[in-house]
Protein chains: 2
Amino acid sequence: MAARSGGRSALARVVSVLEAFDADNPSLTVNHLARRSGLPVPTAHRIVGEMLKLGLLERGADRKLRVGLRLWEMASVAPQARELREAAVPVMENLLTANQQQTHLSVLEGSEALVIERLWGRNMVVNFTRAGGRHPLHATTGGLVLLSHADAELQNSFLSSKPRAYTRYTPTDPSRLRRILAGVRDQGYVVCDGYLSLETVGIGVPVRSATGEVIAALSVVLLRREARPMMHVPAVMTAARNITRALVQGPARQRPPWFFPVAEIVAGAPGQPAARVQA
Amino acid sequence: MAARSGGRSALARVVSVLEAFDADNPSLTVNHLARRSGLPVPTAHRIVGEMLKLGLLERGADRKLRVGLRLWEMASVAPQARELREAAVPVMENLLTANQQQTHLSVLEGSEALVIERLWGRNMVVNFTRAGGRHPLHATTGGLVLLSHADAELQNSFLSSKPRAYTRYTPTDPSRLRRILAGVRDQGYVVCDGYLSLETVGIGVPVRSATGEVIAALSVVLLRREARPMMHVPAVMTAARNITRALVQGPARQRPPWFFPVAEIVAGAPGQPAARVQA
């Protein structure tokens, strides 16, 4: 793989081809692909040809190129996403059943929050989130939870990076952000009211590994005009603990969640008033 | 990318490294990786080194190699998995809420069924399925649904491939399989009773695109000893139609599913008796 041209190794050029695709550009022509990946068109043609042969790329009905299902399949083996997802999805299911709000799970990747799972109903808030999408650390609940537990080096470099203001409520001032991060650590949750969009408010809590380190953030997104965020905090905090329990225990044989879905989520025990999270 | 050695191109060797990982081997040492991918250890070392640099591979806490979250992220852009998932997940949510059975969505990939989404609760049947996993076409509901609508060439080559018997109930005889496939096309669903495991029974139905072609299979898995499969067929068939509707319409603003979840699923309208799928 050491053969180089244009200063980039062969494999680096393949990666730059894959990086040319994103949520807004899931399908590309070779010329568009070459432009976005900074490759000469003939080079792009040659690489694409081999990637098609190996199933890393496919052609859609529109003849455009797209990331291949075969690559998706090979990548789905990534355990750091899979193990956490295996533990989290049933718990996120219960949370969704109880509070009927979009819920997602994100992990720190570089200096952004990477969403590795997302559940929602057809009637729910539609926001920017998608599985595989990235969120800014300072403007989303997942990002702030992850940043608040990141090492000092990342915190300092991020806070001094002049984070972008998405709305007039987005915290961008380093000292204000430090106060928010301290609050997340103290209270164990964060509420982002209009930080990323004026329509939505989010609640985020840390998800801990069996050894207690923060490995992910669990979030729910609500419509601001309907939102009573504090009402959802107990459910989300308990759900995060249930994920940790599932990571430790593996799939438990317990009473069906539909037998007392809300009680299980709010208090981990039957008989709690559903109204606390449902009303 | 044309530089070759050992008859395989540089990129083909990278793919063979990725293919060395699977659900049973999510983490590998370089030596184990070299063995599984059929590469000389020095070659494996060199390729792994560059894949680590580019984030295609990572090292776990145990120092073993695993597929990188960065690759997972790049692959998550694959639209053929994502668009279908975006349409299907809310409907699968409703189905799970209504019948409390594991549900998954699979597509035809090569001569197997590739599971692209799976939802389940902590109390539910644990089976072989995982997102990104593959299922045999003759022994699973998803596989039989997809095979029944595949082109004649694939059907013939698969039926003559001496499919494996997983249990004493697995259909392997070509003429029996052809009758089953005809039944799927006639009835619009299939029930697999102990085909893959003696513990489980599955129900599968086709999911059609806006233009009516079968693009996926929607399945639920039940415990055989508790199973009343026919009770679930209307819900699963209706859910498959709801996925097609979502593919056509995009996310609909409708009454909350928790207002009449079962009715919505069974009949697409309020007021239907929940007992039909819940009891």
S.K.: Holding to salt bridge (Lys or Arg N to Asp or Glu O under 4.0 Å), I want the full list of residues that pass it with Arg36(A), two or more places apart in sequence or in another chain.
M.R.: Asp22(A)

S.K.: Check whether Leu56(A) gets within reach of chain B through its side chain, its backbone, both or neither, counting any heavy atom under 4.5 Å.
M.R.: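 Contact with chain B is through the side chain of Leu56(A) alone.
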
S.K.: Return the option, out of Leu71(A), Leu69(A), Val89(A), with the maximum number of heavy-atom pairs under 4.5 Å with chain B.
M.R.: Leu69(A)

S.K.: Please rank Leu18(A), Val107(A), Val15(A) by heavy-atom pairs under 4.5 Å with chain B and give me the top one.
M.R.: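 Of the options given, most contacts go to Val15(A).
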
S.K.: Check salt bridge (Lys or Arg N to Asp or Glu O under 4.0 Å) between Arg66(B) and all other residues, then give those that pass, not counting sequence neighbours.
M.R.: Glu58(B)

S.K.: Among Gly55(B), Gly110(B), Ala78(B), which has the most heavy-atom pairs under 4.5 Å with chain A?
M.R.: Ala78(B)

S.K.: Distance check, rounded to the nearest 0.5 Å: Thr238(A) atom OG1 versus Arg245(A) atom CZ?
M.R.: 10.0 Å

S.K.: About how many Å separate CD1 of Ile215(A) and CG of Leu108(A), when rounded to the nearest 0.5 Å?
M.R.: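 Going from the CG atom of Leu108(A) to the CD1 atom of Ile215(A) covers 12.5 Å.
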
